[in-house]
Each structure stands twice: as C-alpha cells, then as structure tokens.
Asks: 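Please find one structure pasted underneath; my questions will follow.
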Protein chains: 2
Amino acid sequence: MTRWLDEDEQRTWRAFLAASQRIQEDLDRQLQRDSGMPHAYYAILVRLSESPERRMRMSELAAAANSSQSRLSHAVARLEERGWVRREPCPADRRVSWAALTDEGFAVLAAAAPGHVGAVRQSLFDRLSADQVEQLATICAAILREPGS
Amino acid sequence: MTRWLDEDEQRTWRAFLAASQRIQEDLDRQLQRDSGMPHAYYAILVRLSESPERRMRMSELAAAANSSQSRLSHAVARLEERGWVRREPCPADRRVSWAALTDEGFAVLAAAAPGHVGAVRQSLFDRLSADQVEQLATICAAILREPGS
DNA sequence: CCAGTTTACTTGAACTCTCAAGTTCTACGA
DNA sequence: TCGTAGAACTTGAGAGTTCAAGTAAACTGG
C-alpha cells in the first residue's frame, strides 16, 4: 500500500538531504573553527541581539531560534558559563526567566558575524541565481506551512 | 567590507534553515519512535541494501551515506551490536573492512521503510507542486556542485 | 478557595557526533 | 629493499542533543 518514491523523487530527496546536511556542516565547522561555537549557539546570540534590550524569555527564544526548550536550557547554561549570556528572573511571573546578551556576548557575536555571512554566501547564495533564490524562498515557506492549510 | 545579507536574503536564509532543520527533525523523530534508530543509521542500512551482495567498503559507505569515516565507524559499531550489520575483513587489502547487511538488518529496514517514506512525503513532497520539486532538484544540485565550477 | 491542570523551565542519563590522535597496512621511490 | 608517505579505519574524550521525568509557579472551575 506504500506509495514509494519514484526515481525522480528519490534523486531529488537525496540531493535535498545531501545539500542541507552539507550546508549545516559547513556552517557548523566554520563557526566552531573561527569562533568556538556551534551554529545553534550563534543563532541564539543573534536572536537575543535583535530583541529589545537584547533579552528574551526562554520560551520565546527557543521558538525564535528553532530550538527545543531543553536544548535551549542546556545551551544557555553553557553560554552563561562563558559569560556571553546572563539569566534574569522575571518579577511578574516567577516561572519565567529572561536570557540577556552580555556586552561580551555581543562583542563575540559581532566578531563572528562577518565570517559566518561569508560562509552563508559561499555555501548558498553565491551558487544560486536570483530566480532560484526566490523559488527557494517559496519552497521553504511551503515546507513550513502548518499541515492543515 | 562585509557584504551583509539584505532583508530578502535574510528571510530566505532563515526559512531555509528552519525548513531543513524541521525536515531533519521530523524524520529523526519518526524513525527513532517507530524503528528505534536515528536517520543516519537508516541511511546506512539503505545504502548497504542497494549494494551488490548488500555490502560495501567502509569508506565507500561513508561517502554514499554522507557520513564522515569516524561517524560511520561508530555507527557501524552500534549496528553490529544490534546484529543488523556485520563487519568482514577484506583479503585483498587488509586495511579495508566490509560492512555487510545481515538478514535481520534487512528485515528491520524493510519494516522501517514504509513509515519513513510516509514521513518524507508528508514533510516534503506533499507540500510542493511538481514544478517546485523540479526547481528544488536543480537548486540542490547547484548547492552540491564543487566550488570550482 | 483550593484541588487539579497547565505553563515554564530544568535536570540527568543515554546517545550521537566531532576532532585529533593512533594503528595497521600498502605503495612508492631511491 | 628499506624507509617514508599515504590510505583505511578505529578509538577516546569532549560536546551537543534528545527524551522522559521533575520542580515550581500560575491558572481555573466547581
């Protein structure tokens, strides 16, 4: 009863897997090598830096950075050890805690950003035409659309 | 001097990251839940099953399954413990070892495949038009093309 | 108003992955 | 033919991720 993938679908699927894994690995390696952090940590710092007062509630931050709460919790623990992020209690709701980017964290992020953007261009945008970039945006939006729509 | 991403690029980039991470995680979760293995292990079993005599040299297998040698080595060790894969020495070159899919491994793979294909359709193909699938294939090929071309 | 549920977050253990180093073995050139 | 380079694979330690369970605080309906 299974609808197997036909040959074209098979090829597309494997290319997609290989391409997305390759990009993830390239970025991870570049950031780890040049800035001593995995890409997931970089994403966290970026979201914080874009937020008003450079701080967010843990659960918002998790959603914004495509992370599970557990992953975020562990990650922020490490980032705190390095002095890049600080946790602050929320007076209004004591279940909540804020994660705030420290000045040192911001400096580290600023130093990491150019190399990271370079890697993104090199692994993705430099390889695609303007049309393809637009197509990719549409495709990714479709993938992310909720099931019931 | 850095060429930052403009707003469109930024959006596309984040959508791509979110989409590819989402797919990876969906597949990993589905396989882990229903078949007790991560997607990387599934990929290894698939490549072996497609190979003549259902066996491959470790280094070929690593390349075929988008894995580093070290990762593959660890993975095959686990798969061997479960009795799904067997290592065999190569008489011609004693540095080489073959990884062979056992009958039990093949059975496990056969049992896992329908659910996996279902997840692939659900997370990718069911969400895209035929045109988009074709566009995606072209885009992924471009991403994978070697730098010097 | 208070028992039960839900929300927010943390924790620990098991597992996978990465990186660097180590072990064998083959190949090659002088 | 010997020594050095390179290839194939393994290993161990360190780090990140996941899952399930746990804590604590805030709701909510009878």
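Every chain is numbered from 1, with letters handed out A, B, ... down the list of sequences. The basis for the numbers below is simple: all heavy atoms, side chains too, and nothing from hydrogens, waters or symmetry mates.
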Asks: Specify the residue among Ala92(B) and Val96(A) whose closest nucleotide of DNA chain C lies further upstream toward the 5′ end.
Replies: Val96(A)
Asks: Expressed in angstrom and rounded to an integer, what is the separation of Leu61(A) atom CG from dT10(C) atom P?
Replies: 11 Å
Asks: If you count heavy atoms of other groups shown closer than 6.0 angstrom to CZ of Phe106(B), is the number above 12?
Replies: no
Asks: Gln30(A) CD to dC19(C) P: how many Å, rounded?
Replies: 13 Å
Asks: Any chance the side chains of Asp28(A) and Gln32(A) put a donor and an acceptor closer than 3.5 Å?
Replies: no
Asks: Round to a whole Å and report the spacing from CE of Met37(B) to C1' of dA14(C).
Replies: 18 Å
Asks: Please check if atom CZ in Arg3(A) has more than 12 non-hydrogen atoms from other residues, nucleotides or ligands closer than 6.0 Å.
Replies: no
Asks: Do any side-chain nitrogens or oxygens of Arg87(A) fall under 4.0 Å of OP1 or OP2 in dC9(C)?
Replies: no
Asks: Can you check whether Gln69(A) has a side-chain N or O nearer than 4.0 Å to OP1 or OP2 of dC9(C)?
Replies: yes
Asks: Minimum heavy-atom separation for Trp98(A) and Cys90(A), please, with both atom names.
Replies: NE1-CB, 3.2 Å
Asks: For the pair made of CG in Leu79(A) and P in dA15(D), what is the distance, rounded to whole Å?
Replies: 14 Å
Asks: Think Arg94(B) has a side-chain N or O under 4.0 angstrom from the OP1 or OP2 of dA8(D)?
Replies: no
Asks: Check whether any side-chain nitrogen or oxygen of Arg57(A) sits under 4.0 Å from OP1 or OP2 of dA8(C), and answer yes or no.
Replies: yes
Asks: Calculate the interatomic distance between Trp98(B) atom CH2 and dA8(D) atom P; express it in whole Å.
Replies: 13 Å
Asks: Starting at the 5' end of DNA chain D and moving along, which residue's nearest nucleotide shows up first, Arg78(A) or Pro91(A)?
Replies: Arg78(A)
Asks: Which part of the nucleic acid, if any, lies within reach of Ala77(A) when heavy atoms closer than 4.0 Å are counted: base, sugar-phosphate only, or nothing?
Replies: nothing
Asks: Just checking Ala75(A): base, sugar-phosphate only, or nothing, at a heavy-atom cut-off of under 4.0 Å?
Replies: nothing
Asks: What's the closest nucleotide to the side chain of Pro38(A) if the choices are dT10(C), dT11(D), dG16(D)?
Replies: dG16(D)
Asks: Taking atom C1' of dG16(D) as reference, at what distance in whole Å does atom CZ of Arg29(A) sit?
Replies: 16 Å
Asks: Does dT16(C) have OP1 or OP2 under 4.0 Å away from a side-chain N or O of Tyr41(B)?
Replies: yes
Asks: Of all the nucleotides listed (dT16(C), dC19(C), dT17(D)), which has the minimum atom distance to the side chain of Ala40(A)?
Replies: dT17(D)
Asks: For a quick check of understanding: with a heavy-atom distance under 4.0 Å over all strands, which category does Ser70(B) fall into, base, sugar-phosphate or nothing?
Replies: base
Asks: Could you check how far CD of Glu81(A) sits from C1' of dA15(D), rounded to whole Å?
Replies: 11 Å
Asks: Taking donor-acceptor contacts at under 3.5 Å, does the side chain of Arg95(B) reach the base of dT24(C)?
Replies: no
Asks: What about His74(A): does its side chain form a donor-acceptor pair under 3.5 Å with the base of dT18(D)?
Replies: yes
Asks: Check every strand shown and say whether Asp93(A) touches a base, only sugar-phosphate, or nothing at a heavy-atom separation below 4.0 Å.
Replies: sugar-phosphate
Asks: Evaluate whether atom CG of Asp103(B) has more than 12 neighbouring non-hydrogen atoms of other residues, nucleotides or ligands under 6.0 angstrom away.
Replies: no
Asks: Please report the interatomic distance CZ(Arg22(B)) to SG(Cys140(A)), rounded to the nearest 0.5 Å.
Replies: 12.0 Å
Asks: Would you say dC9(D) has OP1 or OP2 under 4.0 Å from some side-chain N or O of Ser59(B)?
Replies: yes
Asks: CZ of Arg71(B) versus C1' of dC9(D): gap in Å, rounded?
Replies: 16 Å
